[in-house]
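See below for the structure under consideration.
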Amino acid sequence: MLDLKFVRNNPELVQEALQKRGVDITLSEFQEVDARRRELIQEVEQLKSQRNKVSQEVAAKKKAGEDAGEIIAEMKAVSQKIKELDDEVKGLEQRLQEILLGIPNIPHDSVPVGKDDSDNLEVRTWGEPTRFSFDPKPHWEIGEDLDILSFAQGAKITGARFTVYRGLGARLERAVINFMLDLHTREHGYKEIFPPFIVNSDSMIGTGQLPKFAADMFKLEGLDYYLIPTAEVPVTNLHREEILPGEELPIYYAAYSGCFRAEAGAAGRDTRGLIRQHQFNKVELVKFTRPEDSYAELEKLTNNAERVLQLLELPYRVVTLCTGDLGFSSAKTYDIEVWLPSYQAYKEISSCSNFEDFQARRAQIRYRPHPKAKAEYVHTLNGSGLAVGRTVAAILENYQQEDGTVAVPRVLQPYMGGVKVIGK
RNA sequence: GGAGAGAUGGCCGAGUCCGGCUGAAGGCGCUCGCCUCGAAAGCGAGUAGGCAGGAAGCCCCUGCCUCGUGGGUUCGAAUCCCACUCUCUCCGCCA
């Protein structure tokens with residue numbers, strides 16, 4: 001969320017940012033509630049100050065053996081009034097909090113202004129879209145033909161948008177996970193984390209999934225627990241309500257996790273194959289940085305994710321999301337899109353974002369620039385490094401061969417026990 | 001799941017039974033001085049966060065809030081009452 005004082009002091013700037021995002025929120029209620037709250041606080045604090053003073057007097061009188069009945073009776077009324085005002089202030093603060101939690105982050109100046117994904121800006125491409133001398137198949141057909149993916153079994157044992165990986169398919173999924181984790185931990189300097197896949201609502205609020213996007217999450221019945229939609233949630237919340245020593249920054253974490261998404265609004269999109277599932281695997285990269293470093297760190301993080309595709313030799317491009325397509329909590333996002341022959345298009349496989357202090361403020365993650373200095377909010381970043389299911393889909397499609405088999409990318413062969421080709 | 005113990009500042013740890021200069025003793029750690037060629041030891045000083053005001057963006061002053069969280073009792077709560085959360089020990093169960 002944005003800083004209360006920042007919103008108070010820069011309403012035009014916030015309003016402008018909301019407009020660029022195409023979000024329809026006005027700040028008039030915020031301003032009313034904020035002003036009323038401050039007014040009441042001054043009133044109630046004056047009363048509390050009085051009460052504190054008189055309470056001292058009561059203590060003194062009692063000690064001296066004098067009667068304090070009169071002023072005690074007087075304070076009874078004051079205390080009653082304080083209680084009433086406190087309740088009112090609390091109500092206003094709750095409302096203020098709600099309003100603030102509903103305001104998205106302010107896009108960075110370098111983010112292009114635009115309406116939707118058609119206005120996203122292509123930054124660079126790597127490789128060429130794969131060409132075939134035969135008629136290529138979509139990955140869901142390849143997977144079923146080779147008996148390494150079963151959508152029917154997934155649908156039977158659970159439901160739509162669940163998939164069973166079989167044999168070398170299961171092995172390939174696991175190989176991709178291990179390859180990515182090894183790359184990021186050994187070569188890119190990330191510390192490996194294996195988090196819980198279930199978190200409480202405080203964590204979901206900390207990273208911005210709640211309260212706005214409850215409908216996209218799976219909640220455990222009768223409990224304050226949610227299945228994580230991404231490892232970003234548990235990993236970023238690792239340092240919730242902490243003040244980190246400045247010398248520990250930047251912190252890099254890489255985490256594998258299952259990801260669970262209800263995706264309330266996605267019905268009818270990407271209905272076939274591995275692209276949009278209720279459960280999928282992902283290796284996530286998370287960074288905590290000093291504010292002045294966060295944009296340089298975003299470039300590095302994006303490059304780290306790209307490296308996976310380069311080593312897998314999968315063609316891709318990088319786009320900067322425009323203001324209208326930017327995620328709620330993000331100030332700037334690069335999407336990495338891999339070439340998918342079945343879509344005849346680039347398809348998102350990673351999303352790398354700088355949240356600046358937006359998540360840090362919600363989650364109360366701070367650091368001390370110097371041992372004596374006042375604590376400030378860190379900047380948090382994260383990006384997929386990468387989405388595993390989509391990577392497998394991209395491998396199957398881009399590495400398919402005319403005889404129906406699929407070649408295994410060279411870097412994955414050691415992770416596949418030396419298997420070079422997935423065949424029948 | 002059952003029984004018991006506990007949760008206090010960066011850490012350890014008093015205070016809770018008997019509510020009143022205790023935002024909190026003492027110790028450790030850390031920071032800055034003194035000492036030293038330098039270091040250690042020793043000595044001295046300083047060391048939580050938030051909110052609202054103050055012709056005040058950093059500094060400073062005043063007030064308010066915070067002793068796991070949320071309620072309650074009271075003129076007044078770290079201290080009394082209730083609920084919840086978490087941690088530890090024992091038993092049961094399990095991978």
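By convention in this document, chain letters (A, B, ...) are assigned in the order of the sequence lines, proteins followed by strands, and residues within each chain are numbered from 1. Here the structure is a predicted model, which means the values were calculated and not measured.
- Checked by atom type, the side-chain pair Tyr256(A)/Glu192(A) shows no donor-acceptor distance below 3.5 Å.
- Put simply, Lys83(A) has a side-chain N or O that comes within less than 4.0 Å of OP1 or OP2 on U73(B).
- A39(B) and C34(B) have their C1' atoms separated by 15 Å, with the value rounded to a whole Å.
- Taking a cutoff of 4.0 Å between a charged side-chain nitrogen and a carboxylate oxygen, Glu263(A) and Arg269(A) do not qualify as a salt bridge.
- For the side chain to side chain donor-acceptor pair (under 3.5 Å) with Thr380(A), the qualifying choice from Lys287(A), Arg362(A), Gln359(A) is Gln359(A), the only one to do so.
- Using a 4.0 Å heavy-atom distance criterion, Val54(A) is classed as making no nucleic acid contact.
- A heavy-atom distance below 4.0 Å to RNA chain B is reached by these residues of residues 31-51 of chain A, ordered by number: Arg37(A), Arg38(A), Ile41(A), Gln42(A), Glu45(A), Lys48(A), Ser49(A), Arg51(A).
- Counting to the nearest Å, the P atom of C65(B) and the CG atom of Asp86(A) are 9 Å from each other.
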Kindly express the pairing pattern of RNA chain B in dot-bracket notation, using | wherever a base pairs with another strand and counting only Watson-Crick or G-U pairs under 3.5 Å.
((((((((.[[[..)....(.....]]]((((((.......))))))(((((((.....))))))).[[[[[..)....]]]]])))))))....

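- No side-chain donor-acceptor contact under 3.5 Å links Tyr252(A) and Asn304(A).
- Ion pair Arg36(A)/Glu39(A) flagged as a salt bridge, since at least one NZ, NE, NH1 or NH2 atom sits closer than 4.0 Å to an Asp/Glu carboxylate oxygen.
- Rounded to a whole angstrom, the distance from the P atom of G20(B) to that of C43(B) is 34 Å.
- At a cut-off of 3.5 Å, with distance as the only test, no side-chain donor of Ser329(A) or Asn105(A) sits close to an acceptor on the other residue.
- The aromatic rings of His188(A) and His184(A) are tilted relative to each other, their planes meeting at an angle between 30° and 60°.
- Comparing Asp87(A) and Lys53(A), the nucleotide of RNA chain B nearest to each residue sits closer to the 5' end for Lys53(A).
- Across the P atoms, G4(B) and G15(B) are found 24 Å apart, a figure rounded to whole Å.
- For Phe328(A), the ring-ring contact (aromatic ring centres under 6.0 Å, His included) partners are Phe213(A), Phe358(A), not counting sequence neighbours.
- Glu356(A) and Tyr377(A) form no side-chain donor-acceptor contact under 3.5 Å, judged by distance and modelled atom types alone.
- With salt bridges taken as basic N to acidic carboxylate O contacts below 4.0 Å, one links Asp34(A) and Arg38(A).
- Gln56(A) has its CD atom 12 Å from the C1' atom of U22(B), to the nearest Å.
- Dashed line: the shortest gap from a side-chain N or O of Arg8(A) to OP1 or OP2 of C51(B) is not under 4.0 Å.
- One can place CD of Gln364(A) at 18 Å from P of U66(B), the figure rounded to the nearest angstrom.
- Applying the 4.0 Å criterion to OP1 and OP2 of A52(B), one finds that Lys5(A) has a side-chain N or O inside that range.
- Comparing the C1' positions of G19(B) and G13(B) gives a spacing of 23 Å, expressed to the nearest Å.
- For the pair Ser79(A) and U74(B), the criterion of a side-chain N or O lying under 4.0 Å from OP1 or OP2 is not met.
- Taking for each of Ala59(A) and Lys76(A) the nucleotide of RNA chain B with the nearest heavy atom, the 5'-most of the two is the partner of Ala59(A).
- Asn52(A) has no side-chain polar atom (N or O) that falls below the 4.0 Å cut-off from OP1 or OP2 of G20(B).
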